[in-house]
Amino acid sequence: MNLFILIQDVTFDKHAFFVIEVNCKKSGLIKFNLMLSSKVIGCFSKRKSFLANIYDPTSLSSLMLLVSQNHEMADGIYMTTGNLGQSKSQIHQPPTVNSLSPHRFMSNRHYSTLHTDSVTTNTQHKLLGYIPRYVKIVEVGPRDGLQNEKDIVPTSVKVELIKMLVDSGLQVVEATSFVSPKWVPQLADAKDVIEAIKSVSGARFPVLTPNLKGLEAALEAGVKEVAVFAAASESFSRSNINCSIDESLARYRDVTSAARKHSVPVRGYISCVVGCPMEGIVHPSKVAYVADELYKMGCDEISLGDTIGVGTPGTVIPMIEAVKNVVPLEKLAVHFHDTYGQALSNILVSLQMGISVVDSSVSGLGGCPYAKGATGNVATEDVVYMLNGLGVKTNIDLKRLMLAGDFIRKHLGRPTESKAAIALSKTLFCASKL
Amino acid sequence: MISQVIREVIDQLPTENYPPSSGDLSITTRQIFVIEIRNLSVYLTRFKMSSLEEPLGLDNLPSLSTIDLSRRFSSNRCSTSGEENGLGYCWIEGKTCGSFNSYKEDFKEYRREAFIWRHHKRENTRNDSENRFNSRHTTNLQQSSYCNDAGPRDLTNKIFKVMPSYVKIVEVGPRDGLQNEKNTVPTSVKIELIHRLISCGLSVVEATSFVSPKWVPQLADAKDVVEAVKNLEGARLPVLTPNLKGFEAAVAAGAKEIAVFASASESFSKANINCTIEESLARYHDIINASKKLDIPVRGYVSCVIGCPVEGTISPSKVAYVAKQLHDMGCMEISLGDTIGIGTPGTVIPMLEAVMEVVPVEKLAVHFHDTYGQSLPNILVSLQMGISVVDSSVAGLGGCPYAKGASGNVATEDVVYMLNGLGIKTNVDLRKLLQTGDFICKYLGRPSGSKIAVAYKM
């Protein structure tokens, strides 16, 4: 039986060094070193070495390799690339075979259009043991992001953004919000946006509906999924939606039951789960109370939001522990803000606790409404970068995601907030001193 | 007048019987108030001390970190009911704060004159609570109430069991930071920066580097800087010495601690210091021998521990090899640096595992770059693995030399914020650190690389 390994979209200069890993059912992990130069393609394997045919190496678009018949069909392939310079002696050095091969996670230096869907996340270390194998990313850029931007973005740009986001592999993209344009003028074109994305397939498009009126407008527009927004802090609830927590929950009970009659799933958001701009620290029991109520009234997923970004793993963990006692872990999502730079570490501990849904916003759209100029949502590119590094599947193509981020940022005229996007677009493959 | 107010406050506070978490004995507690007057603002904090000196069901006690004091003593806020479980309010669970009401009137008249209450604006609430309690570290009070004390410490969650209780932060701003900034900073500003950093509570501040000014013009004034700061107390001031010549110059100037810089990647070593790894190690062997004779401790850096801009991924075994060599030679601490910032917890953990097999964990430090935004999660997993020394740079000084415009060092403010939230002591005063970051960034004419600094400014 022959195994074909397809390597796409590769360009290199005179020499290129590939390490190809194949995870075989029978033989375990096999690594191949493949050196390409303008003249020779060589392949060294653990068992046999052989030569493959030469193609035009200076601008390969695809290369087919034949692997020895000893190996069964692999589960999949993973590859990484690196430029070694011109020293020949290094080519013959096989990299150290290590049980926790770092190559497995090395998808981040050169973003690859092949997503790592076939790597068995053999997380042998106990710290990574509970991290889910697959994490669903809920993209809130078009709603939470644009809602908090100063400039109003035209409908066509919003629709194009949503299409590009779906193109990158995101399966849930929060499209817009049916609130009164008096409060949120940035999303006044909710109906038009929904109308325009009706034909886009491959993703779900929840919308925010703060009350029955919004729900009716949404259902009329053809929305298939809605979201409601409660707060864990009384003062924040009063100042943000002008009613107490219990009053808002009562309102959402009506919304949820009406939505369920139309078989429309509902997502519940809880804001201020760690800290409130007015009250300070929010006790986990309050969050658990609201989460319990939202779950009981029929929300299919509860997203826990650290609205002002003050959370750190020390406060996030007790909060999640309290909530998971009342809501099953698989129904929980985390929505951290990066105002204090803590979002990624908070996401990491949430994953370690078993959460498998993360909200984020492409290029970090959406500043913090409580600290002018400070950042708000965590950038999806940074989250995907970390998840790729952890070996967690996301089905997201980082390159296309960056394109979507670039697109909306060009339009807004402001630079991206995502560090991974900045670095990946500027990284020189060769060190500047060489 | 102020002391009279303080006396009144203390007199009015009752002793109450605090029901213990178990058993029938009621433990009498006296609340102890610490009143600090700093910068014309009065900060009041409350500690509970049990007469039996047993911890009192700390998971039920509220954390005191966001006591909104001005509102506490202002007219409308007084009663605590059971529902108001915002931790800042639950001083006495289930009781009304009648005691505070009674001197409400007295306080009003004193309020404007005797001291300036900080009226908390929405954005500044966090500011005050962080500042107030971070400076408490320096007084070594046992009950740290600023963080969620009932959180990581008492959690059964295994993740946090092995995290250290104290983390030493090695501040590399004046060296690693300024070395990678476009603009050169005058000697006086560098000295001022070092002074300020020490006053924040940082115990190790890397002062400068004795390299040829041809390579690093930003640090050409190494000698002057060291001579000016060599007698400063309260902190250690290591300097980088890439060769024997630099070492001798450092000793002549009065340096009391040095550092050497190896690489885990052969290509990077050749590109960066013009020699192979083995050659560099041999060079450092001489330096370390010379420094041992003078009783000067040496810190070893390993760069490119996750990835190299030339080679790509670096195998953990290579890192372990270099770290072991440095350790065996006599380095008292080895700092593992992710030079291009590509590491994520998935690659950091295997690397640390490999190194921890050959070097004891207490001698290891981590030096992550935030180029891809991954440094804080990387620091977090390093702490989970038992590392207790973290390198960082005030205001995230020092861009990435390999990705123009991208960020480099992780910002000390962000690290301290996370450590505070985890309940880990650092002895660093976050507020002073923010001011220091502000100072140097104003001078350099660039915005701060720390998100905390940006958030607090607003």
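Each chain gets a letter, A, B and so on, in the order the sequences are listed, and its residues count up from 1.
Ring geometry for B:Y417 against A:Y340 counts as parallel: the plane angle stays under 30°, on a 0 to 90° scale with 60° as the upper cut.
Both the backbone and the side chain of A:S345 come within contact range of chain B, with heavy atoms under 4.5 Å apart. Contacts between A:L348 and chain B at a heavy-atom distance below 4.5 Å involve the side chain alone, from C-beta outward. When heavy atoms are compared at a cutoff of 4.5 Å, B:S407 approaches chain A solely by way of its side chain, counted from C-beta outward.
Nearest heavy-atom pair, B:L422 versus A:T312, reported as atom, atom and distance to 0.1 Å: N-OG1, 4.1 Å. In terms of heavy atoms, B:P345 sits closest to A:L390 at CB-CD2, 3.6 Å. Residues B:G373 and A:K419 come closest through the heavy atom pair N-CB, 3.6 Å. Between A:L344 and B:P377, the shortest heavy-atom contact is CB-CG, 3.4 Å.
Separation of atoms CD1 (B:I452) and CD (A:Q342) is listed at 5.5 Å; rounding is to 0.5 Å.
The choice from A:A420, A:A343, A:S235, A:G309 that makes the most heavy-atom pairs within less than 4.5 Å of chain B is A:A420. Among B:D414, B:I379, B:D370, the residue making the largest number of heavy-atom pairs under 4.5 Å with chain A is B:D370.
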Inset, instruction - Could you go through the side-chain contact (heavy atoms from CB on, under 4.5 Å) check for A:V349 and B:Q384 one step at a time? - result: CA-CA 11 Å; A:V349 291; B:Q384 290 174 351; 4.3 Å; yes

